[in-house]
Structures are given as structure tokens and as C-alpha cells.
2 protein chains.
Amino acid sequence: MGVTKTQNFTAEQNQMAAYAKALAHPARVAILQYLLKKQTCICGDLVGELPLAQATVSQHLKELKAVGLIRGTVEGTSVCYCIDAQKWEEVREIFLGLLASPIQCQDNCC
Amino acid sequence: MGVTKTQNFTAEQNQMAAYAKALAHPARVAILQYLLKKQTCICGDLVGELPLAQATVSQHLKELKAVGLIRGTVEGTSVCYCIDAQKWEEVREIFLGLLASPIQCQDNCC
DNA sequence: TTGATTTATCGTAAAGTTGCGATTAAGGTT
DNA sequence: AACCTTAATCGCAACTTTACGATAAATCAA
């Protein structure tokens, strides 16, 4: 059926999966890296930076906006994008929560 | 065309995207959480734990194995799974690298 | 107002993902 | 050997994602 059974997982699991999905494309990783470096930029900068057509970049921006990771504000003809600091902190905490988990068993654990 | 233009992005961007993709489904997050808690478990435990059919769980395990996050060793009729400690450390570093980036601008950055 | 610039959205094609029943393969058990 | 158990794989249906050209909408400039 091709539909994830969201309702059978915890909110935390779904949330983490949603954020991971936002990062699950090199173009979106590149967008976030660029935004973290420049702090702010207009859409056109990203179109120039990425090896993708304008429509495709716009679509990736839409997805990042959909999970709340970035915000865009209209500035005349352009749109200025930046990372949402609060959301970024939230993402950080969620990922650190999982990533910080220790692993006891080494090489031949099984 | 539905094909990610991998070759036009950096190795780091592609790698991060690949790991994020592995985490981009609640079932796979659940599998990792369970493995981090128990350190080790057999496939059947996961099938019992998750709200999914055996074939589906097996498929998710395959994806996690494909990126190297988990390892499975045959133990008689069962297969014992555990997290690959080295890979886990690598994933941690890659994600921390991005997540640690500071954000200067607040509320109305644009 | 006309025209240029910038970004979002639409439509579409190709490919990938999710899920499951059925089957296969491999190891145990009797 | 015949049978059970466990897990992987196959085949399929439904849905989602990626990508781009074309078009629309909105602002600015002359």
C-alpha cells in the first residue's frame, strides 16, 4: 500500500523520522549547510549554489519549510531564507537523545 | 526523472543524506531504539515488538544493514542483530558536525 | 503601463518506498 | 526422512519522491 503506518509508532519516533526525512537528500543537506554558514540568503543564491533547476530547489525549500526547519520572508521580489533557531534546537535535542546512547558490545556482540 | 543527482553533491552531503534516509522511517527509528536499549536481539523479537509483518520488518532491517548501521549474525535458525559501534560513532560525528553549528540570527533574521 | 526579475506552483515522467502475502532457504527437532 | 521454526526474498499494489519545463503571481524598474 505504500503508506507508512504512522499511528502505530510513538510521537517521538514519528517526529525523528520526519526530521530525518528532511535531511535525507543531499540538496537539503546542502541548503542547511549553506544557511548555517551564511545565516541568511535569498532563494536565488541557493539556485545558483545548487546543481538543480529553480523549480527543484523551490520544492526542496518547501519541504524544509514544511517541517519548520527554515523560514522564508518576502523581500521585494526575492525571498529571504534562514534557519528557525527554535526548531533547530529541538532537532538537535531529538537527535542527540538517540546519538548519545552508549553501545556496550563491540566486535562480536552476537 | 525521480533520480537524485548524487554526483553533483559532496561525499559528505551524500553520506549524511544516506544516514538520514536510514532514520527516515519510524520503524527504523524504533529498531535502533530497541537495539540501543537491549544492545542485542534476534529478528523475531523485533517482529514481536513492531506493528508490522515479518516481511516488512526484514526489509527495514535490510536497509539499516545496507548503510552499515547494524550487523546480523546467524545463530542457528535465528539471526542476532546489533548496532555497529564504529559506524554508530561515525554517524554521531557526522550529525554532530551539522547540529553543532551555531545560529546567530533570531526571530526576525530577514 | 510595459517589461524584466524572482519565486511558487502545476503537470508530468521516471524512479523509489512501503507493506504484505506467499514462497524459499536454512537450521533444528523428532 | 519428515516436519517445524525462523528469516530472507519475490511479486505485486499503492503511494511518494525527484526532477524539470512551463506557467502563474508578485514586485520592481523604466
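The sequence lines fix the lettering, A, B, ..., with proteins before strands; numbering per chain opens at 1.
Residues forming a side-chain hydrogen bond (donor to acceptor under 3.5 Å, both in side chains) with A/N14 (at least two apart in sequence, or on another chain): none. Remark: B/S78 pairs with no residue by the side-chain hydrogen bond (donor to acceptor under 3.5 Å, both in side chains) rule, at least two apart or across chains.
Scanning all heavy atoms of the two residues, the minimum distance from B/I70 to B/K65 falls at O-CG, 3.5 Å. Between A/R71 and A/I83, the shortest heavy-atom contact is NH2-O, 4.2 Å. Considering all non-hydrogen atoms of both residues, A/Q33 and B/L98 come closest at CG-CD1, 3.6 Å.
OP1 or OP2 of C/dA8 sits under 4.0 Å from a side-chain N or O of A/Y81. Distances shown here put a side-chain N or O of A/H60 below 4.0 Å from the OP1 or OP2 atom of D/dA19. Proximity of B/T77 to the phosphate of D/dC4: no side-chain N or O atom is located under 4.0 Å from OP1 or OP2.
Rounding to whole angstrom units, CD of residue A/E63 and P of C/dA8 are separated by 13 Å. For the pair A/I70 CD1 and C/dT7 P, the interatomic distance rounds to 13 Å; values are reported in whole Å. Rounded to a whole Å, the CG atom of B/L61 is 15 Å from the C1' atom of C/dG19. We find that CG of B/N8 is positioned 14 Å from C1' of D/dC20, with the value rounded to whole Å. The nearest whole Å value for the distance from the CD atom in B/Q7 to the C1' atom in D/dA19 is 13 Å.
Nearest-nucleotide positions on DNA chain D for B/K65 and B/F9 put B/K65 closer to the 5' end. Nucleotides of DNA chain C nearest to A/K62 and A/T6 differ in position, and the one nearer the 5' end is that of A/K62.
Of the residues in residues 46-56 of chain A, A/L52, A/A53, A/A55, A/T56 come within less than 4.0 Å of DNA chain D through at least one heavy atom, sorted by number. Within residues 21-30 of chain A, the residues having any heavy atom under 4.0 Å from DNA chain D are, by residue number, A/K21, A/H25, A/R28.
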Can you give the donor-acceptor pairs under 3.5 Å from side chains of residues 48-63 of chain A to other protein atoms, not counting sequence neighbours?
{"from": "A/H60", "atom 1": "ND1", "to": "A/R28", "atom 2": "NH1", "distance (Å)": "2.9"}
{"from": "A/E63", "atom 1": "OE1", "to": "A/R28", "atom 2": "NH1", "distance (Å)": "3.3"}
{"from": "A/E63", "atom 1": "OE2", "to": "A/R28", "atom 2": "NH1", "distance (Å)": "3.4"}

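In summary, of the residues considered (A/D84, A/I31, A/L23), a side chain to side chain contact (heavy atoms under 4.5 Å, CB included) with A/L64 occurs for A/I31 alone.
Residue contacts shown for B/E75 are absent, as no nucleic acid heavy atom lies under 4.0 Å away. A/S58 comes within 4.0 angstrom of a base, heavy atoms only.
The side chain of B/C43 sits closest to D/dA8 out of C/dT18, D/dA8, C/dA8. Side chain of B/V3, nearest nucleotide from C/dA15, C/dG27, C/dG19: C/dA15.
On a pure distance criterion of 3.5 Å, no polar donor-acceptor pair joins the side chain of A/Q59 and the base of C/dC10.
For the salt bridge (Lys or Arg N to Asp or Glu O under 4.0 Å) condition, no pair includes a residue of residues 37-46 of chain A, sequence neighbours left out.
Here the straight-line distance linking atom CZ of B/R92 with atom CG of B/L99 works out to 13.0 Å at 0.5 Å rounding. Annotation: the span from B/F9 atom CZ to B/M16 atom CE amounts to 14.5 Å, rounded to 0.5 Å.
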